[in-house]
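Worksheet: one structure, shown below.
Chain letters run A, B, ... following the sequence lines, proteins first, then strands; residues in each count from 1. None of the values given here were measured: they were computed from a predicted structure.
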Number of protein chains: 2
Amino acid sequence: MPKKVDRQKRRTQIADALMRVAAEQGLEAVSLRHVAAEAGVSAGMVQHYFRTKDEMMTFALDVVRERNQIRVTDAVTHLGAAPSPRDLLQTIIRTLLPLDEVTRADGRVALAFLAYTAVRPPASAALREETEQMVGFIAGLLPCPDPENAAAGLLALMEGLGVYLLGGQYTPEQARRILDSHLDRLFAAAPDRSGETVTIRPA
Amino acid sequence: MPKKVDRQKRRTQIADALMRVAAEQGLEAVSLRHVAAEAGVSAGMVQHYFRTKDEMMTFALDVVRERNQIRVTDAVTHLGAAPSPRDLLQTIIRTLLPLDEVTRADGRVALAFLAYTAVRPPASAALREETEQMVGFIAGLLPCPDPENAAAGLLALMEGLGVYLLGGQYTPEQARRILDSHLDRLFAAAPDRSGETVTIRPA
DNA sequence: GGGTTTGCGATACGATCGCAACGGAAAACG
DNA sequence: CGTTTTCCGTTGCGATCGTATCGCAAACCC
């Protein structure tokens with residue numbers, strides 16, 4: 001057969017280049033040739049690994065989601081074995097917010113994809129499922145009444161904070177304060193369960 | 001001089017066409033010729049009223065913002081002279097959320113522009129100022145402690161709800177419930193001022 | 001080692017892009 | 001009524017787009 005090439009690895013390298021282009025110049029600057037140049041390869045090679053541009057986009061979108069997933073589980077792991085629900089939530093959400101230059105780049109890509117998929121509904125199925133799962137998980141951590149809606153609201157607040165951070169409308173410190181204030185409210189009105197902790201279990 | 005043409009009106013007509021294209025096919029489908037075709041005019045005419053594409057985009061962005069502003073003041077006016085702070089907030093935010101097909105179209109445009117300006121920071125100055133003003137206004141309506149952060153959080157929640165609505169991750173009913181639940185929380189823990197009302201005054 | 005399969009660079013094609021330039025029609029002004 | 005100024009449709013240019021296709025080299029199978 002052919003040369004042994006790690007296909008998945010090459011595809012990821014190309015997706016990385018795509019994300020760099022998208023983060024710096026926006027998604028509309030993403031073209032086969034730009035991505036190829038950014039990746040330091042020929043345009044033909046990009047075409048070899050992605051038969052169509054849309055396939056490349058979809059793959060990159062998956063990579064972004066996967067990276068975020070990893071970031072979260074990493075952060076949670078570093079939190080120790082039995083964090084309080086509030087610390088756990090704060091860590092998760094702070095991890096997902098574009099608070100530094102690195103995560104900002106990712107955030108710009110994610111935002112661009114959001115606008116991209118808003119016109120191509122089928123591409124967002126996985127995203128939808130992920131969100132639903134997240135809502136369920138967070139709801140279980142909240143001591144307040146109506147935890148389902150509170151959890152969904154917390155996620156929405158996170159998303160909005162991300163958007164405003166990228167738009168430069170809120171500073172990172174502001175965003176952190178807003179998040180903390182919101183968590184205060186979520187954990188305030190409830191019966192005191194402040195001693196409780198969460199046991200991390202593998203997904 | 002020349003034929004008397006209402007320049008501003010023509011520009012708005014073109015911007016309307018732009019928004020229709022952007023809402024249906026995304027911002028990357030917005031080109032001089034597409035917009036011209038959608039508006040039923042020649043490409044040359046579009047060029048006549050906007051020397052560059054970027055000028056057209058910026059103008060359209062302004063129109064979107066202006067429309068939202070009008071929608072809000074309209075809704076608030078229909079609310080009567082002395083609504084409760086909570087009703088006022090609910091109305092404002094529901095007005096800004098993409099809950100029906102019409103506002104969804106606007107929301108898609110706004111989201112596309114958000115991604116657009118994320119890479120062109122200078123274009124978002126007006127947006128930033130508007131948000132700041134809004135935070136101040138909302139903060140004055142909130143009875144809870146830390147009203148500044150709560151207000152900013154409420155706006156972020158709204159933005160996130162909008163994004164999730166456009167992505168089809170939350171349904172309109174869900175979004176309304178989430179918003180109400182959040183408002184419950186904001187107006188719950190406070191000293192009872194439920195009898196108070198807000199006096200609407202002109203901006 | 002010949003044949004086959006794959007990796008990948010090169011090139012071409014038709015479409016579309018933003019933009020510039022030209023030209024005529026029409027209206028206001030002298 | 002002629003001039004001038006604006007309006008705007010047409011056309012063309014160069015660049016770039018996504019995609020199809022070809023060709024060759026390298027590696028694997030037998």
Report which part of the nucleic acid V35(B) touches: base, sugar-phosphate, or nothing (heavy-atom distance under 4.0 Å, all strands).
-> nothing

Any H34(A) side-chain nitrogen or oxygen under 4.0 Å from OP1 or OP2 of dC17(D) | yes

Atom-to-atom span, CE of M45(A) to C1' of dG7(C) - whole angstrom | 9 Å

Give one of base, sugar-phosphate or nothing for V30(A), where a contact means two heavy atoms less than 4.0 Å apart.
-> sugar-phosphate

Would you please confirm or rule out a distance under 4.0 Å between OP1 or OP2 of dT16(C) and any side-chain N or O of S31(B)?
-> no

Would you tell me if any nitrogen or oxygen in the side chain of Y49(A) comes within less than 4.0 Å of OP1 or OP2 on dG7(C)?
-> no

In whole angstroms, the gap separating C1' of dT16(C) from CD of Q47(B) amounts to 14 Å

D146(A) meets the salt bridge (charged side-chain N to carboxylate O under 4.0 Å, His left out) criterion, sequence neighbours left out, with none

Would you kindly compare V41(A) and R33(A) by the position of their nearest DNA chain C nucleotide and give the one closer to the 5′ end?
-> V41(A)

Indicate whether any N or O donor in one side chain lies under 3.5 Å from an N or O acceptor in the other, for S181(B) and R177(B).
-> no

Please state how far atom CG in L27(A) lies from atom C1' in dC17(D), giving the value in whole angstrom units.
-> 15 Å

Main-chain N/O of G167(B) paired with R128(A) side-chain donor or acceptor, under 3.5 Å | yes

What's the CG-C1' distance between D54(B) and dC19(C), to the nearest Å?
-> 13 Å

Take R7(B) and K53(A), find for each the nucleotide of DNA chain D with the closest heavy atom, and name the residue whose nucleotide sits nearer the 5' end.
-> R7(B)

Does a side-chain N or O from R10(B) land closer than 4.0 Å to OP1 or OP2 of dC8(D), or not?
-> yes

Donor-acceptor list for residues 17-31 of chain A side chains, cut-off 3.5 Å, not counting sequence neighbours:
from, atom 1, to, atom 2, distance (Å)
R20(A), NH1, E38(A), OE2, 2.7
E28(A), OE2, R120(B), NH2, 2.6
S31(A), OG, H34(A), N, 3.1

What integer distance in Å separates I14(A):CD1 from dG7(C):P?
-> 12 Å

Value in whole Å for how far the C1' atom of dT19(D) lies from CE of M56(A) | 12 Å

In whole angstrom, what separates R51(B)'s CZ from dC7(D)'s P?
-> 13 Å

Answer yes or no: is there an ion pair linking D74(B) with R71(B), defined by an N-O contact shorter than 4.0 Å?
-> no

Could you state the CZ-P distance from F50(A) to dC8(C), rounded to the nearest angstrom?
-> 13 Å

Distance check: side-chain N/O of T52(A) vs OP1/OP2 of dG18(D), anything under 4.0 Å?
-> no

